[in-house]
Number of protein chains: 2
Amino acid sequence: MEVFTAVDPWTALASETRRRVFSHVASGPCSVTEIARQLPVSRPAVSQHLRVLLQAELVDVRRRGREQLYQPRPDGLNQLRQELETYWTQTLTTLKTLAEQSYQATTQASEGTSP
Amino acid sequence: MEVFTAVDPWTALASETRRRVFSHVASGPCSVTEIARQLPVSRPAVSQHLRVLLQAELVDVRRRGREQLYQPRPDGLNQLRQELETYWTQTLTTLKTLAEQSYQATTQASEGTSP
DNA sequence: ATAACGCGTAAGGTAACACTTACGTGTTTT
DNA sequence: AAAACACGTAAGTGTTACCTTACGCGTTAT
């Protein structure tokens with residue numbers, strides 16, 4: 001099947017076991033069987049997860065002898081980081097505004113009631 | 001249904017339309033119908049998405065009159081940011097090591113062949 | 001050459017997901 | 001008091017996701 005079928009990194013990292021697969025690859029180059037040995041799923045399952053991670057541009061592959069060495073690729077993570085940063089600044093800005101509004105509300109309330 | 005059924009933020013933001021829902025909330029407090037009006041899904045669908053976002057601690061609710069005002073909550077995003085930062089440093093460290101190794105390989109190769 | 005290894009992919013089954021419509025509850029308006 | 005509004009949730013449906021076993025292909029070892 002195609003590796004050029006784009007998959008957005010959110011979908012790619014949505015699966016818990018796929019995150020564990022990626023974490024192994026991110027910690028250093030490793031083969032499919034090597035990963036499968038450390039997880040409670042079959043080797044084909046790992047292989048399928050790695051394909052999704054490839055499509056999300058989160059990992060790369062190269063051959064070494066008869067095994068496929070997977071290694072991390074920054075692109076997908078970077079895209080994720082950018083989107084997340086957008087959400088983060090939006091959130092902080094909104095919360096700041098809300099805090100200022102509630103402050104104004106309390107001071108205005110005490111103005112009207114203190115004298 | 002329970003709101004205390006934990007949902008990890010990865011799962012929460014895995015859905016495209018749920019991300020759009022969250023983006024609206026992050027940009028400023030808004031009601032359910034208000035969000036549904038800007039999306040190609042029904043109001044109950046938005047309501048269900050908001051419940052998931054609540055369980056992932058990505059949003060908060062408070063009442064205002066007869067509407068529910070949703071606003072962003074930093075907790076879920078923060079957790080996401082931390083995990084993502086771990087992946088990021090793991091990735092960079094691995095790539096740096098690989099770069100150094102391939103450099104050593106080339107210099108060693110030229111040492112053996114130049115004289 | 002033959003055996004063993006490492007891998008990808010096809011086929012299939014079960015569970016989860018993202019929607020929809022229908023309905024009931026609380027709050028505001030008239 | 002009745003009508004209108006905003007919402008949550010139940011029930012049902014079609015699609016997708018994740019996993020398994022079975023198989024075939026290339027590469028290394030004996």
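Values in this document were obtained by computation on a predicted structure and should not be read as measured data. Just so it is clear: chains get the letters A, B, ... in the order the sequence lines come, proteins before strands, and each one is counted from 1.
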Atom-to-atom span, CZ of Arg63(B) to C1' of dT28(C) - whole angstrom: 11 Å

Student check: side-chain heavy atoms of His24(B) and Glu34(B) closer than 4.5 Å: no

Distance test, side-chain N/O of Thr17(A) to OP1/OP2 of dC19(D), below 4.0 Å: yes

Short side-chain N/O contact from Arg18(B) to OP1 or OP2 of dA18(C), under 4.0 Å: yes

DNA chain D contacts made by residues 40-50 of chain B, counting heavy atoms under 4.0 Å: Arg43(B), Pro44(B), Ser47(B), Gln48(B)

pair Leu53(A)-Leu13(A): side-chain heavy atoms closer than 4.5 Å: yes

Interatomic distance where CD belongs to Glu67(B) and C1' belongs to dT25(C) [whole Å]: 17 Å

Comparing Ser15(A) and Gly65(A) on DNA chain D - which has the more 5′ nearest nucleotide: Ser15(A)

Distance test, side-chain N/O of Tyr70(A) to OP1/OP2 of dG8(C), below 4.0 Å: yes

Mutual orientation of the aromatic rings belonging to Tyr87(A) and Phe22(B) [parallel < 30°, tilted 30-60°, perpendicular > 60°]: perpendicular

Spacing of Leu13(B) atom CG relative to dC17(C) atom P, expressed in whole Å: 14 Å

Length of the CZ-C1' vector between Arg51(B) and dA10(D), whole Å: 11 Å

Check: Arg43(B) and Val32(B) side chains under 4.5 Å, non-hydrogen atoms: yes

Separation of atom CD in Gln55(A) from atom P in dA17(D), rounded to whole Å: 11 Å

Note, Arg64(A) side chain near Ser31(A) side chain (heavy atom, < 4.5 Å): no

Selection from dG6(C), dG8(D), dT27(C) that lies nearest to any side-chain heavy atom of Val32(B): dG8(D)

Spacing between Arg66(B) atom CZ and dT27(C) atom P, to the nearest angstrom: 12 Å

Pairwise side-chain contact, Leu50(B) with Val25(B), heavy-atom cut-off 4.5 Å (strictly under): yes

Whole angstrom value for the distance that separates C1' of dT28(D) from CD of Gln68(A): 15 Å

Whole-Å gap separating P (dT9(D)) and CG (Leu54(B)): 10 Å

Test side-chain hydrogen bond (donor to acceptor under 3.5 Å, both in side chains) applied to Thr11(A) - qualifying residues, sequence neighbours left out: Asp8(A)

